[in-house]
> 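This is the structure I have questions about; it appears just below.
Both ligands and their constituent atoms are indexed starting at 1 by order of listing.
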Amino acid sequence: MENINWSDLTFGYMKTDYNVRSYYRNGQWSELEISDSEYIPMHIAATCLHYGQESFEGLKAFKGKDGKIRIFRMRENALRMQSSARGIGMAELPVEIFEKAVTEAVKRNERFVPPSESGASLYIRPLLIGTSAQVGVKPAKEYLFVVFVTPVGPYFKEGFKTTPVGIFREYDRAAPLGTGIYKVGGNYAASLVAGEIAHAKGYSAVLYLDAKEKKYIDECGPANFFGIKNNTYITPASTSILPSITNKCLMQLAEDMGLKVECRPIPLEELSTLEEAGMCGTAAVISPIQRVDDVDKNQSYVFSKDGKPGVVCEKLYHQLRAIQYGDSADVYGWVTLC
Ligand code: PLP
Ligand code: COI
């Protein structure tokens with residue numbers, strides 16, 4: 001076994017032992033296949049290559065102090081992948097196949113699940129692609145579903161620390177009636193240039209505004225946005241953002257902590273009234289926001305003067321992590337023991 005320094009892991013790719021695959025042909029999904037290859041043989045006219053028929057998911061497995069491995073919200077990810085498949089005309093994968101493949105991928109790579117004290121986790125990446133040939137713009141007839149895993153540390157290298165994010169009005173990630181609500185590769189392609197510009201200027205992510213009026217908050221790079229004020233957890237309702245499973249968890253935890261929860265359009269100016277703000281997602285967990293710079297308007301909204309996360313962000317973060325690592329009881333049924 002390679003010597004992995006678990007505490008120093010970043011959010012990067014590391015080869016693991018096996019991946020799990022299922023093929024959709026003649027209207028049927030195949031039995032699962034286990035592969036030790038990192039490659040996929042591909043037809044040059046496959047629809048995933050030309051027309052972006054590609055959807056992926058991201059979920060994590062955690063090893064607790066008790067040595068047990070917990071997969072977090074696997075069913076929700078299966079359902080979201082079905083929604084993405086419908087959204088871009090791909091064959092839907094049954095939830096049971098998704099769950100079996102994910103569980104198998106974790107078990108076969110058990111030696112890569114980081115120990116609990118490292119704070120790292122096993123990132124699980126399910127992928128669904130159109131594989132049959134088409135030159136006309138049409139959905140494929142055949143699909144491949146693959147699950148690979150890789151051990152990861154924090155997505156934002158700062159971990160649970162505040163970072164600044166920037167608004168860049170000349171870039172949109174998704175259109176109001178486009179594919180923003182699906183987890184499909186095209187949305188990420190659309191975000192790459194703005195993301196690189198933001199990183200070069202010292203921001204951890206781009207805060208996107210709604211594409212139509214540039215009036216409301218949409219989401220934050222690869223994460224949803226939330227704000228806290230007057231004992232209320234507020235997160236954007238929008239037709240162009242990915243429905244984050246982490247955000248759903250935080251809404252539940254916030255409610256049970258006695259906060260009100262509002263999911264509604266958030267006008268940009270409302271940022272000046274927020275006491276705390278953060279980004280949330282599987283990779284991002286909770287990443288508290290230090291400030292938002294509206295770069296083109298030369299205006300800043302500051303949430304943390306001393307650079308420390310706010311108290312509500314901190315509490316939500318610890319409660320979420322405690323459930324994921326098995327330190328708190330799984331009262332919501334979010335965890336599947338592997
Ligand atoms: N928004 C985008 C664009 C994402 O890529 C992600 C990551 O999956 C999220 C939000 C957060 O979603 P989740 O909490 O389900 O991981
Ligand atoms: C995730 O949080 O799982 C994501 O997919 C975000 C990003 C790495 C694309």
Side-chain angles (χ1 to χ4, degrees), residues 9-14 54-62 71-84 87 98 102 105 120-128 147-157 159 165 171-175 178-192 194-196 198-199 204-211 217-226 233 235-254 263 277-287 289 316-317 320-321 323-324 332 334:
L9 283 174
T10 57
F11 194 86
Y13 177 79
M14 177 189 294
E54 176 305 317
S55 161
F56 67 97
E57 271 302 328
L59 63 162
K60 281 177 173 172
F62 302 85
I71 306 176
F72 194 66
R73 306 224 68 177
M74 176 161 63
R75 194 180 167 79
E76 286 288 319
N77 283 271
L79 293 171
R80 191 169 64 188
M81 182 166 254
Q82 289 188 331
S83 159
S84 299
F98 184 100
V102 165
S121 56
L122 188 74
Y123 186 68
I124 305 164
R125 177 51 71 83
L127 181 70
L128 176 63
V147 183
F148 70 81
V149 300
T150 193
V152 295
Y155 186 77
F156 296 111
K157 63 180 186 307
V165 302
Y171 295 97
D172 292 323
R173 174 188 166 274
T179 57
I181 54 169
Y182 306 122
K183 199 157 170 68
V184 297
N187 299 335
Y188 297 82
S191 74
L192 290 175
E196 289 300 292
H199 294 151
S204 58
V206 177
L207 179 59
Y208 290 99
L209 301 181
D210 79 282
I217 305 294
D218 243 6
E219 63 183 325
C220 222
N224 275 184
F225 175 90
F226 68 89
Y233 180 100
T235 193
S238 159
T239 56
S240 50
I241 66 176
L242 188 76
S244 156
I245 296 163
T246 314
N247 201 357
K248 274 191 209 156
C249 297
L250 297 183
M251 286 190 245
Q252 177 76 62
L253 293 177
C263 182
M279 307 181 256
C280 63
T282 297
V285 195
I286 291 181
S287 300
I289 299 174
L316 286 169
Y317 177 83
L320 180 68
R321 301 291 273 178
I323 295 173
Q324 292 176 330
Y332 306 105
W334 288 345

> Which of the numbered atoms in ligand 1 are below 4.0 angstrom from a heavy atom of Thr282?
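Matching atoms, with element in brackets: 13 (P), 14 (O), 16 (O).
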> Can you tell me if Asn187 uses its side chain to pair, donor with acceptor, with the backbone of Tyr182 under 3.5 Å?
yes
> Would you indicate whether the side-chain heavy atoms of Lys248 and Glu76 approach each other to under 4.5 Å?
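They are in side-chain contact.
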> So which protein heavy atom does atom 2 (O) of ligand 2 come closest to, and at what separation?
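Answer for atom 2 (O) of ligand 2: Ala283 N, 2.8 Å.
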> Quick one: does ligand 1 sit under 4.0 Å from the side chain of Glu76, the backbone, both or neither, non-hydrogen atoms only?
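No part of Glu76 is near ligand 1 at this cut-off.
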> Check the orientation of Phe62 and Phe72. Use parallel for under 30°, tilted for 30 to 60°, and perpendicular for over 60°.
perpendicular
> Could you tell me whether the side chain of Asn77 and the main chain of Arg73 form a donor-acceptor pair under 3.5 Å?
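Confirmed, Asn77 side chain pairs with Arg73 backbone.
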> Please list the nearest protein heavy atom to atom 1 (N) of ligand 1 with its residue and the distance rounded to 0.1 Å.
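So the nearest neighbour among protein heavy atoms is Glu219 OE1, 2.6 Å.
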> So which protein heavy atom does atom 3 (O) of ligand 2 come closest to, and at what separation?
Tyr123 OH, 2.6 Å
> Given Pro243, Pro222, Gly281, identify the one with the heavy atom nearest to atom 6 (C) of ligand 1.
Pro222
> Within the 4.0 Å heavy-atom shell around Ala223, which atoms of ligand 1 are there?
1 (N), 2 (C), 9 (C), 10 (C)
> Please tell me if the side chains of Ser204 and Met279 come closer than 4.5 Å, counting only heavy atoms from C-beta onward.
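They are in contact (side-chain heavy atoms under 4.5 Å apart), so the answer is yes.
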> Among all protein non-hydrogen atoms, which one is nearest to atom 6 (C) of ligand 2, and what is the separation to 0.1 Å?
Pro222 CB, 3.7 Å
> When you measure from atom 3 (C) of ligand 1 to every protein heavy atom, which one gives the shortest distance, and what is it?
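The closest heavy atom on the protein side is Arg173 NH2, 3.3 Å.
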> For Leu59 versus Thr282, what's the shortest heavy-atom pair and its separation?
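So the minimum-distance heavy-atom pair works out to CA-CG2, 3.7 Å.
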> Has Lys183 got any heavy atom lying under 4.0 angstrom from an atom of ligand 2?
yes
> Would you say Arg125 touches ligand 2, if touching means a heavy atom closer than 4.0 Å?
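Within the 4.0 Å threshold, so yes.
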> Can you tell me which residue and heavy atom of the protein come closest to atom 7 (C) of ligand 1, and the distance to 0.1 Å?
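Atom 7 (C) of ligand 1 sits closest to the protein heavy atom Lys183 NZ, 3.3 Å.
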> Does the Thr150 side chain pair with the main chain of Met14, one donor and one acceptor, at a distance under 3.5 Å?
yes
> Hey, which atoms in ligand 1 end up nearer than 4.0 Å to a heavy atom of Gly221?
3 (C)
> Is there side-chain contact between Ile217 and Leu209, with heavy atoms separated by less than 4.5 Å?
yes
> Please tell me if the side chains of Ile323 and Trp334 come closer than 4.5 Å, counting only heavy atoms from C-beta onward.
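Touching, per the 4.5 Å side-chain cut-off.
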> Can you tell me which residue among Ile181, Asn247, Asp218 is in a side chain to side chain contact (heavy atoms under 4.5 Å, CB included) with Ile241?
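Answer to the side chain to side chain contact (heavy atoms under 4.5 Å, CB included) test with Ile241 among Ile181, Asn247, Asp218: Asp218.
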> Out of Thr235, Leu316, Thr246, which residue meets the side chain to side chain contact (heavy atoms under 4.5 Å, CB included) rule with Met251?
Thr235
> For ligand 1, which is the ligand I care about here, please tell me if Ala283 has any N or O atom under 3.5 Å from one of the ligand's N or O atoms.
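Among all N and O atoms of Ala283, none is under 3.5 Å from an N or O of ligand 1.
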> Go through ligand 1 atom by atom and flag the ones less than 4.0 Å from a non-hydrogen atom of Tyr188.
2 (C), 3 (C), 4 (C), 5 (O)
> Under 4.0 Å, heavy atoms only, figure out whether ligand 1 is touched by the backbone of Ser244, its side chain, both or neither.
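The answer is both, backbone and side chain.
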> Ignoring angles and geometry beyond distance, decide whether Asn247 reaches within less than 3.5 Å of ligand 1 through its nitrogen or oxygen atoms.
no
> Show which atoms of ligand 1 fall inside a sub-4.0 Å distance from at least one heavy-atom site of Asn224.
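Listed by number with element: 1 (N), 10 (C).
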> Can you tell me which residue and heavy atom of the protein come closest to atom 9 (C) of ligand 2, and the distance to 0.1 Å?
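Of every protein heavy atom, Tyr188 CE2, 3.8 Å lies nearest to atom 9 (C) of ligand 2.
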